[in-house]
K.L.:
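Below is one structure. I have some questions about it.
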Amino acid sequence: MSGVFGTVLIANRGEIALRIARACRELGVKVAVVYSTEDAGTEVVRYADRAVCIGPGAAKHSYLNIPAVLEAARMVGADAVHPGYGFLSENADFAELCAAEGLTFIGPPPHVIEALGDKSSCRSLMAGAGLPMLPGTLESVETSAEAQEAAEAIGWPLVVKAVAGGGGRGIGVSRTPDDLPSVYRETRRHASALFGDGRVYLERYLSPARHVEIQVLADAYGNVVHLGERDCSVQRRHQKLVEETPAPALSRDLLDDMAAHAVQGAKAAGYVGAGTFEFLVDAAGGFAFMEVNCRIQVEHPVTELVTGIDLVQEQIRIAAGHPLRLRQEDVVPRGVAIECRVNAEDAARDFAPTPGRLEEFAVPAGPFVRVDTHACAGGSVSAFYDSLLAKVSVWAPDRGAALARMRRALGEVRIAGPGVRTTTAFLESVLASPGFRAGRYDTGLVERLRQEDPR
Amino acid sequence: MSGVFGTVLIANRGEIALRIARACRELGVKVAVVYSTEDAGTEVVRYADRAVCIGPGAAKHSYLNIPAVLEAARMVGADAVHPGYGFLSENADFAELCAAEGLTFIGPPPHVIEALGDKSSCRSLMAGAGLPMLPGTLESVETSAEAQEAAEAIGWPLVVKAVAGGGGRGIGVSRTPDDLPSVYRETRRHASALFGDGRVYLERYLSPARHVEIQVLADAYGNVVHLGERDCSVQRRHQKLVEETPAPALSRDLLDDMAAHAVQGAKAAGYVGAGTFEFLVDAAGGFAFMEVNCRIQVEHPVTELVTGIDLVQEQIRIAAGHPLRLRQEDVVPRGVAIECRVNAEDAARDFAPTPGRLEEFAVPAGPFVRVDTHACAGGSVSAFYDSLLAKVSVWAPDRGAALARMRRALGEVRIAGPGVRTTTAFLESVLASPGFRAGRYDTGLVERLRQEDPR
Amino acid sequence: MRELLGAAQAGVLDLLNGLSRQPRTLRLAVGPVTIELDWSEGQAPAAPPPAAALPTAPAQAGHASQVEPAGQSTPPEEETVTLAAPSVGVFYRAPEPGAPPFVAEGDTVVPGQKVGLIEAMKLMIPVEADRKGRIAACLQPDGMAVEYGQPLFAVVPDEGG
Amino acid sequence: MRELLGAAQAGVLDLLNGLSRQPRTLRLAVGPVTIELDWSEGQAPAAPPPAAALPTAPAQAGHASQVEPAGQSTPPEEETVTLAAPSVGVFYRAPEPGAPPFVAEGDTVVPGQKVGLIEAMKLMIPVEADRKGRIAACLQPDGMAVEYGQPLFAVVPDEGG
């Protein structure tokens, strides 16, 4: 593979670090990783050609420690840095500092991350590009009175969102004029604490709705293709639990229209790399733009399974300056793919994380099943990081077969350790629910299931 | 899944037993397995809804013990028996006894197994169906003098083959008129010992050649489709080590022609179920029929990976009397798939089996990699059965990417235990060889590699 | 040097894996090889329990497995071995329905004596005693479907047998 | 030397990872390889060392880890703890090129005393002693790239510190 990098430093951990390492191997690129003392025994540290310990368990002092990551890149002689998802993946400053160090940041250019990461500028940009928007304020709302005024124009229910937010964090819902002041204040406070930026904006609240996102790939020469959609409506407090493609029970026309808008948005933003355009779809089949994720997504395997395209390899090629090898007509999704996130959480205790040692850890295998995991028997789930244990994905020619396959696959999960619980049984109950089986579900599904079966 | 079976008994062990169990689960069929005392601790015994111990380690007293298998089927109330590959899978008597017991044998009807299993009747049948044959005797050759006479008509080199043989066993090569009498006697003797049937026939010996086989699916109503080819030329003493599809460096016309002949042959034989038509392709691009395998093949995953069709589920549906859901135009192979057989064998000691306890057993995972295995850390490789540890299969859009992926995957194999060796490094050397990389290889590849690097 | 170290580490782990009981100390040098293991436990080790492998079911058919080693706190019981099913099938205690059983509890048996039948696919496979002894218990009822190796009888072996 | 040390560290980690039960002491020499593990509990083989978590290398930065408990057969050695790198980066022993090092072997140090620098992305991060003691050895040469937690100095703690 001529013309990609000599060494890529992976500035991440867990399953995605291993996923990226595998892509590098296949491209003939040397793999370096950073790790925290907490992760010293993990698989990717062994897998990599070079591994550099950059700090203690707390992410702030390791995976979010920009000087340490850059120093590690220098130490191993990396040409490029892959940030994975989370951590520094959508940090425009980090992307900029990489460039200053002569390192290629595998992701969009810093100014694009910045423009799309700020919800206010992102909404302006996308509205300008012709994407359908929910009624809301384009600019941030600076006072409670201003919020009240804007809210009356938008109508209730509405959502107060952090300008610097994303990924389901920094969101408050106002259902009546009465609760607006407190929701407004609360969300500002949270936004300040979470993102160091208290600005918020208001938007019509569409819920329940379907959460559908479009995967795009864009090269540095203005070529953009989309790789179809993922339906991520099975969420608990804005955290995705199950994702699938194609989106069931939505018309192909609607989805094609959404995809075309995503491509339009990516072009308008000067997007480069792999990115995701998130939309909400209402019961009437209208859709509205929500946000852009400037990184590889956790749920990218479902897109890979139906398209056959290795998204991480494409990211690396694009970052190395290669033009896209794919034209839109080369992207031919086939069949149905579903991903279930097996988390170390206790569904009975409001999905509280359950860190601990893994005494038993067996994941599914066999035909048309893919598992992305970094965990292993004898390893442990660290309390320092997210609770994702394994992504179990299946492919089948049709949705019925895919559901049967996923049930079979989840039945093969055997994970045990002192104090460790997993979401496996909860995922099985989602799969078994009539709404999910019929493909007629929305972001309210999980809450409805939990009320039926509070465990 | 209405109309398939209530309970299927799996009359096999190892990876294929688990593979079949998974297919049953996905079809909503209860899984029963038989096992020997040697296999009491294996994964499929735990996986199944019912498991019945039918005898000691020696296959003759367990997996080949027809009364014990049938008794187990009765005990668990099975509706059907899946024989897997090897053992009783091509035993017409067993198929017949199943029918007598009211059990559906998941495979072709007994008379078809019989007609195709006897190489003499099979060759007559296929020659009659218009399949290209190598020059040879249609009937068995009963005396040394008769052999001499037939050989002179065929020409040297030629191969003396057991009428009851198959799967690479019961074959002798005569290179000159001088060695014919001894080769003839030896092969008869072997055939008698191996199959209880000393009859042999003669055929032109084509070697080196490519070994290419066509997968077919046929229902009970005369509908037959093919699922493309597999190139299985990487062999050591007629045992396959690596398989891939499509067959590289062969013209699509040739392969289409071969596939059309296979379908023709299946129709002529009244074939029902999943079957494989094996052909030899010479350097000039001519091909000739070799034999039919009346069972699921070890290497079926490569076909599944490019077609998306679950062959074992299709076998079960066909056996349950369903008409084929697929028309030929529904079979659209996509991309490239390769399978490597990781065996517990010592390549340095002429691939001698290395049974023993598995202290470490880690197999590859991640995007577009499938592993079929029954083994696990803490388990062991039994000296009673074949040495297959894991089938590592990969898919990619093109052959170059598939090769890179397989190299990556084999690099993730970590198998260790006292005395246990694996073929992993040898497989890596096959993948790295210029002949294999170029797709220009034949059944002589392995021998040439071993002479270059005798280890 | 580095390789030596790796070998030494692997050596330690292998050693430990091969040990049924973890030692108190382990020392391994390499340049002309020393290995030292110490299991001493301050006080004198207790009297070792009688060596007796516990059965793994299904037991090897035709081979007796010791199933009830003498308990330590209970008064000593008779030691028995099991006679296991030589085939999967239906177990019969008598030659035909209504006939008296081949053997009853308390009967003594000699090697080769027929003590039951297993019917597998209309074949009648005899169950035969493999040693001299006394039937302590019949472990399966008449007409029960049994697997290969499943215990059928508990037998008190005759010391002289 | 650095490689050897790395190998030794990795060796310790691998060993510990491979052990089902963590030993009380672990000693690993390298020049022709010695490995010693001790799981004994309670009673005194020698004067028990002060309770200190066993090191997992790279050690928790800023925290001292005990690396060399007294050997049993050799005459008692000085017990040392390591001072580990507080950051990934380039380790400097002196404030600037040509200047004398912050500390030399044999020097005594007090908590908070600057004993080195780590340069990470042009930031100069001080390495400070975390206890009273005497520098037994400097384990990394000037200008060496080090990882977080990598041992920089061996320090003999002052009992009174």
Side-chain angles (χ1 to χ4, degrees), chain A residues 9 11 13 32-43 45-46 48-78 81 88 93-94 96-103 357-359 376-380 382 384, chain D residues 2-3 5-22 53-65 82-92 116-127 130 139-141 143-152:
Chain A
L9 180 80
R13 64 174 300 283
V33 294
V34 298
Y35 67 97
S36 73
T37 50
E38 187 78 4
D39 282 336
T42 58
E43 175 64 16
V45 171
R46 154 144 74 168
D49 299 298
R50 287 290 306 272
V52 180
C53 183
I54 56 162
K60 192 183 155 195
H61 299 297
S62 48
Y63 299 107
L64 289 170
N65 181 346
I66 293 178
V69 170
L70 292 176
E71 189 63 32
R74 182 143 69 183
M75 197 183 276
V76 302
V81 175
L88 299 172
D93 293 343
F94 177 64
E96 199 130 15
L97 284 165
C98 282
E101 287 295 309
L103 288 166
R357 221 174 72 79
L358 297 168
E359 292 186 340
C376 61
S380 52
S382 169
F384 280 109
Chain D
R2 180 178 143 75
E3 254 190 43
L5 180 63
Q9 279 164 232
V12 168
L13 264 188
D14 277 354
L15 259 177
L16 287 173
N17 277 337
L19 296 173
S20 56
R21 194 158 70 89
Q22 183 160 296
L54 271 163
T56 57
Q60 202 63 10
H63 292 92
S65 333
T82 57
L83 186 60
S87 170
V88 65
V90 179
F91 172 54
Y92 293 113
L117 287 171
I118 304 270
E119 181 182 3
M121 300 314 295
K122 288 158 203 132
L123 294 172
M124 286 296 178
I125 299 155
V127 180
D130 61 345
L139 307 171
Q140 302 290 343
M144 174 62 75
V146 297
E147 300 185 20
Y148 173 82
Q150 207 164 323
L152 301 178

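Heavy atoms only: backbone and side chains are in, while hydrogens, waters and symmetry mates are out. Source: prediction; values computed, not measured. Just so we're on the same page: letters track the sequence lines, and every chain starts at 1.
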K.L.:
With no hydrogens and no angle check, is any side-chain donor or acceptor of A:N65 less than 3.5 Å from a backbone partner on A:A68?
P.N.:
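Confirmed, A:N65 side chain pairs with A:A68 backbone.
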
K.L.:
For A:A51, which atoms come within 4.5 Å of any heavy atom of chain D: side chain, backbone, both, or neither?
P.N.:
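Contact with chain D is through the backbone of A:A51 alone.
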
K.L.:
Just by distance, do the side chain of A:S62 and the backbone of A:P56 share a donor-acceptor pair under 3.5 Å?
P.N.:
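Side chain of A:S62 to backbone of A:P56: a pair is present.
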
K.L.:
With sequence neighbours left out, write down each residue that passes ring pair (Phe, Tyr, Trp, His ring centres under 6.0 Å) with D:F91, or none if nothing qualifies.
P.N.:
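With neighbours one apart ignored, the set is D:F153.
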
K.L.:
Only pairs of heavy atoms separated by less than 4.5 Å count here; which of D:V90, D:V88, D:L123, D:I125 has the most with chain A?
P.N.:
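Highest number of heavy-atom pairs under 4.5 Å: D:V88.
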
K.L.:
Using the salt bridge (Lys or Arg N to Asp or Glu O under 4.0 Å) criterion, which residues pair with A:D49? Sequence neighbours excluded.
P.N.:
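With sequence neighbours excluded, A:D49 shows a salt bridge (Lys or Arg N to Asp or Glu O under 4.0 Å) to A:R25, given in chain and number order.
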
K.L.:
Sort out for me which of D:K122, D:M121, D:E119 touches chain A most, counting heavy-atom pairs under 4.5 Å.
P.N.:
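Most heavy-atom pairs under 4.5 Å with chain A: D:M121.
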
